[in-house]
Amino acid sequence: MMPLVSDKSIAPALENKPAEEPKKLKACCACPDTKRVRDACIMENGEEKCGHLIEAHKECMRKMGFNI
């Protein structure tokens with residue numbers, strides 16, 4: 001007896017199914033911990049005194065895939 005459905009007829013149906021894309025993280029929502037500390041420092045002391053926190057936030061953003 002021949003099978004009613006062949007494996008070849010199933011494969012194209014699976015290939016046509018759109019792949020779910022991972023949700024992309026927005027820059028405003030990435031690295032909230034370093035962002036909060038950086039922003040507080042800038043508000044209190046100005047950018048000149050918070051360079052190390054600014055760089056730490058940039059590094060976190062880079063690790064999350066942002067081109068900073």
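What you are looking at is a predicted structure, and each value in this text was computed from that prediction instead of being measured.
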Checklist entry - From C29 SG over to M64 CE, what is the distance, rounded to the nearest 0.5 angstrom? => result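 Output value for this atom pair is 10.0 Å.
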Item to check | CZ-NZ distance between R38 and K58, expressed to the nearest 0.5 angstrom | outcome: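 Between atom CZ of R38 and atom NZ of K58 there are 9.5 Å.
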Item to check | Heavy atoms of other groups near E47 CD, more than 12 under 6.0 Å | outcome: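 Atom CD in E47 is not packed in, count stays at 12 or less.
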Next on the checklist: If you apply the rule side-chain contact (heavy atoms from CB on, under 4.5 Å), what do you find for I42 with I54, and how did you get there?
Outcome noted: CA-CA 9 Å; I42 291 171; I54 293 170; 4.1 Å; yes
Item to check | Under 3.5 Å: donor-acceptor pair, side chain of K35, backbone of C28 | outcome: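 A pair under 3.5 Å: yes.
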Checklist entry - If Ile, Leu, Val, Met, Phe, Trp and Tyr residues are connected whenever their side-chain heavy atoms lie under 4.5 Å apart, and connections chain through other members, are L25 and I68 in the same group? => result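 Yes, L25 and I68 fall within the same hydrophobic cluster.
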Item to check | Where M61 and C31 come nearest, the two heavy atoms and their spacing | outcome: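 Shortest heavy-atom separation between M61 and C31 comes out as N-SG, 3.6 Å.
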Next on the checklist: Between R36 and D33, does any NZ, NE, NH1 or NH2 come within less than 4.0 Å of an OD or OE carboxylate oxygen?
Outcome noted: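 Counted as a salt bridge, because a side-chain N and a carboxylate O are separated by less than 4.0 Å.
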